[in-house]
**Student:** 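One structure is given below, represented as structure tokens, and several questions about it will come after.
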Amino acid sequence: MITKLSKALAHFHSIHSINSQLYKIAVSIYAVLLISSIKVKAQHIEVGGGAGAMLYKGDILPNIDPRYAKLGGQLFLRHTPGKAVSFKYAVMAGSISGSDEKRNNDPLAQARKRSFTSSMQELSVTMEYNFLDYRSNIKRMPLSPYLFGGLALFHFDPAENKKPTYSLSGISIPFGVGLKYVLYKNWNLNVEFGARKTFTDYLDNLSGTDITNPTQNGNPKNKDMYLYTGISISYTFYKIQCPEFY
């Protein structure tokens, strides 16, 4: 498992150019999470996948607008070394979009008339804190809300810009909330909402760089974000005999 994840991270770096200092920080945090997860004997490991909606928040859409939701999907492996903490390693792909067209109450948006669609790919490592021991045979509470946060490498590619002068890869900080529910024996249902804080202003192919036409600018000080809301199914592999309750 660890070998495959390490190879995937190295492959992602070889394909997309990422600032070297930020990349070193990402790898360091990634390594710490992996080491932390393997020091404790695993209670169980889950594999799963799901689909959901991807959204964008930035210069073109300052507020989250569900009308511009795009399809996204995720595959993941989750390692739970204890009752409260889980580590999740995920690959996500989808697209985001936005447009000034429907912002009738914004004069700048109406003058700018910009729109974009961009593909998105992400490789992430997150830590989850489970509020309840949702697989306990004693408390018999087959669900738990949880919080998560971590680190991700992402790549985007706006369709409107065939020769971008900015980097198409970067580091983001995923964070959000979710709910885990035991469906039946080893099967689980996950519902999750998460945002990704980025350090780029170009997800929408728009920043404050056009000095010849100010109406075509955005605010370079406000970095863009992308969000994912999804539902997934996972299967748990136990290292010990599963109690009859499940």
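Residues: numbered from 1 along the sequence shown.
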**Student:** If every non-hydrogen atom of Asp201 is compared with every non-hydrogen atom of Ser207, which pair is closest and at what distance?
**Tutor:**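 Asp201 and Ser207 have their closest heavy atoms at OD2-OG, 2.8 Å.
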**Student:** Please examine the side chains of Met120 and Tyr226, heavy atoms only from C-beta on, and report whether any two atoms are closer than 4.5 Å.
**Tutor:**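 Yes, at least one pair of side-chain atoms sits under 4.5 Å.
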**Student:** Quick check for you: to the nearest 0.5 Å, what is the distance between Leu147 atom CG and Met127 atom CE?
**Tutor:**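 Here the interatomic distance stands at 10.0 Å.
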**Student:** Would you name the heavy atoms of Glu122 and Ser172 that are closest together and state the gap between them?
**Tutor:**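 Result for this residue pair: OE2-OG, 4.2 Å.
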**Student:** Side-chain contact test, heavy atoms from C-beta onward, threshold under 4.5 Å: evaluate it for Thr200 versus Tyr166 and give yes or no.
**Tutor:**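 No. Closest side-chain heavy atoms not under 4.5 Å.
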**Student:** State whether a side-chain donor-acceptor pair under 3.5 Å links Tyr228 with Glu192.
**Tutor:**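 No - no donor-acceptor pair under 3.5 Å links their side chains.
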**Student:** Under a 4.5 Å side-chain heavy-atom rule over Ile, Leu, Val, Met, Phe, Trp and Tyr, are Ile96 and Tyr68 clustered together?
**Tutor:**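 Yes, one cluster joins them.
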**Student:** Judged by atom type as modelled, is there a donor-acceptor pair below 3.5 Å linking the side chain of Lys223 to the main-chain atoms of Pro220?
**Tutor:**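 Checked: pair present.
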**Student:** State, to 0.1 Å, how close Leu179 and Pro145 come at their nearest heavy-atom pair, and which atoms those are.
**Tutor:**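 Nearest pair, atom of Leu179 first, then Pro145: CD1-N, 3.7 Å.
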**Student:** Does any non-hydrogen side-chain atom of Ile233 lie less than 4.5 Å from one of Leu183?
**Tutor:**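 Yes. Closest side-chain heavy atoms under 4.5 Å.
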**Student:** One thing to verify: whether Arg114 and Glu160 come together as a salt bridge, which I'm taking to mean a side-chain N less than 4.0 angstrom from a carboxylate O.
**Tutor:**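 Here Glu160 does not pair with Arg114 in a salt bridge, since their nearest N and O are not under 4.0 Å apart.
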**Student:** Would you say Leu77 and Leu189 are hydrophobically clustered, going by side-chain heavy atoms of ILVMFWY under 4.5 Å?
**Tutor:**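 Yes; tracing contacts between hydrophobic side chains, which count when under 4.5 Å, links both residues.
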**Student:** Roughly how far, to the nearest 0.5 Å, is CD1 of Ile45 from OG1 of Thr80?
**Tutor:**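 So the OG1 of Thr80 and the CD1 of Ile45 are separated by 9.0 Å.
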**Student:** How are the rings of Tyr129 and Phe131 set relative to one another: parallel (under 30°), tilted (30 to 60°) or perpendicular (over 60°)?
**Tutor:**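 Plane angle over 60°, so perpendicular.
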**Student:** Provide the full list of salt bridge (charged side-chain N to carboxylate O under 4.0 Å, His left out) pairs with a residue in residues 62-73, sequence neighbours left out, each pair given once.
**Tutor:**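 Found Asp65-Arg67.
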**Student:** Evaluate the ring planes of Trp187 and Tyr235, with Trp represented by its six-membered ring, and classify them as parallel (under 30°), tilted (30 to 60°) or perpendicular (over 60°).
**Tutor:**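 Rings of Trp187 and Tyr235: perpendicular, as their planes differ by over 60°.
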**Student:** According to a hydrophobic-cluster definition based on side-chain heavy atoms being under 4.5 Å apart (Ile, Leu, Val, Met, Phe, Trp, Tyr only), do Leu206 and Phe154 belong together?
**Tutor:**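 Same cluster.
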**Student:** Phe87 versus Pro81: any side-chain heavy-atom pair under 4.5 Å?
**Tutor:**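 Counting from C-beta outward, Phe87 and Pro81 do come under 4.5 Å.
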**Student:** When clusters are formed by joining ILVMFWY residues with side-chain heavy atoms under 4.5 Å apart, either directly or through shared neighbours, do Met54 and Leu227 land in the same one?
**Tutor:**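 In one cluster: no.
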**Student:** Over all heavy atoms of both residues, which pair between Lys57 and Pro62 is shortest? Give the atoms and the distance, please.
**Tutor:**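 For Lys57 and Pro62, the tightest heavy-atom pair comes out as CE-O, 3.1 Å.
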**Student:** Between the side chain of Asn130 and the main-chain N/O of Leu132, is any donor-acceptor distance below 3.5 Å?
**Tutor:**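 No, because the side chain of Asn130 does not come within donor-acceptor range (under 3.5 Å) of the backbone of Leu132.
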**Student:** Say whether, by atom type as modelled, one donor and one acceptor occur between the side chain of Gln110 and the main chain of Arg103 under 3.5 angstrom.
**Tutor:**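 Yes, Gln110 side chain to Arg103 backbone: donor-acceptor pair under 3.5 Å.
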**Student:** Please step through side-chain hydrogen bond (donor to acceptor under 3.5 Å, both in side chains) for the pair Ser119 and Asp157, ending with a clear verdict.
**Tutor:** CA-CA 5 Å; Ser119 61; Asp157 189 10; 4.8 Å; no
**Student:** Just checking, is any N or O donor in the side chain of Thr198 or Asp224 under 3.5 Å from an acceptor N or O on the other one?
**Tutor:**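 There is no such pair (donor and acceptor under 3.5 Å, judged by atom type) between the side chains of Thr198 and Asp224.
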**Student:** Return the CD1 to OG1 distance between Ile173 and Thr126, rounded to the nearest 0.5 Å.
**Tutor:**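 With rounding to 0.5 Å, CD1 (Ile173) is 13.0 Å from OG1 (Thr126).
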**Student:** Flag the pair Phe76 / Ser232 as yes when at least one side-chain heavy-atom distance between them is below 4.5 Å, and no otherwise.
**Tutor:**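 Phe76 reaches Ser232 side chain to side chain.
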**Student:** Looking at residues at least two apart in the chain, or sitting in another chain, which of them share a side-chain hydrogen bond (donor to acceptor under 3.5 Å, both in side chains) with Asp204?
**Tutor:**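 For Asp204, the residues satisfying side-chain hydrogen bond (donor to acceptor under 3.5 Å, both in side chains) (neighbours in sequence not counted) are Tyr56.
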**Student:** Rounded to the nearest 0.5 Å, how far apart are CZ of Phe193 and CZ of Phe148?
**Tutor:**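 Between atom CZ of Phe193 and atom CZ of Phe148 there are 8.5 Å.
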**Student:** Testing the basics here: between Ile60 and Phe116, what is the closest heavy-atom pair and its distance to 0.1 Å?
**Tutor:**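 Distance-wise, the nearest heavy atoms are CD1-CD2, 3.9 Å.
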**Student:** How far does OG of Ser115 sit from NZ of Lys102, to the nearest 0.5 angstrom?
**Tutor:**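 One finds 11.5 Å between OG of Ser115 and NZ of Lys102.
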**Student:** Examine Lys197 relative to Phe175 and say whether NZ or CZ is less than 6.0 Å from the centre of the six-membered ring and inside a 45° cone about the ring axis.
**Tutor:**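 Not flagged: Lys197 not positioned over aromatic ring of Phe175.
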**Student:** Could you check whether any side-chain heavy atom of Val191 comes within less than 4.5 Å of a side-chain heavy atom of Ile231, counting everything from C-beta outward?
**Tutor:**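 Of all side-chain heavy-atom pairs linking Ile231 with Val191, at least one is under 4.5 Å.
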**Student:** Please report the shortest heavy-atom distance between Arg78 and Tyr146, naming the atom on each side.
**Tutor:**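 Arg78 and Tyr146 have their closest heavy atoms at NH2-OH, 4.2 Å.
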**Student:** Tell me, please, which residues at least two apart from Asn222 pass side-chain hydrogen bond (donor to acceptor under 3.5 Å, both in side chains).
**Tutor:**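 Asn222: no side-chain hydrogen bond (donor to acceptor under 3.5 Å, both in side chains) contacts found.
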**Student:** Please round to the nearest 0.5 Å and tell me the distance separating atom CG of Leu168 and atom CG of Leu203.
**Tutor:**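 CG of Leu203 is found 10.0 Å from CG of Leu168.
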**Student:** Are Asn205 and Ser118 linked by a side-chain donor-acceptor pair shorter than 3.5 Å?
**Tutor:**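 No donor-acceptor contact under 3.5 Å links the two side chains.
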**Student:** Does the side chain of Lys180 reach to within under 4.5 Å of the side chain of Ser86, using non-hydrogen atoms?
**Tutor:**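 Sidechains of Ser86 and Lys180: in contact.
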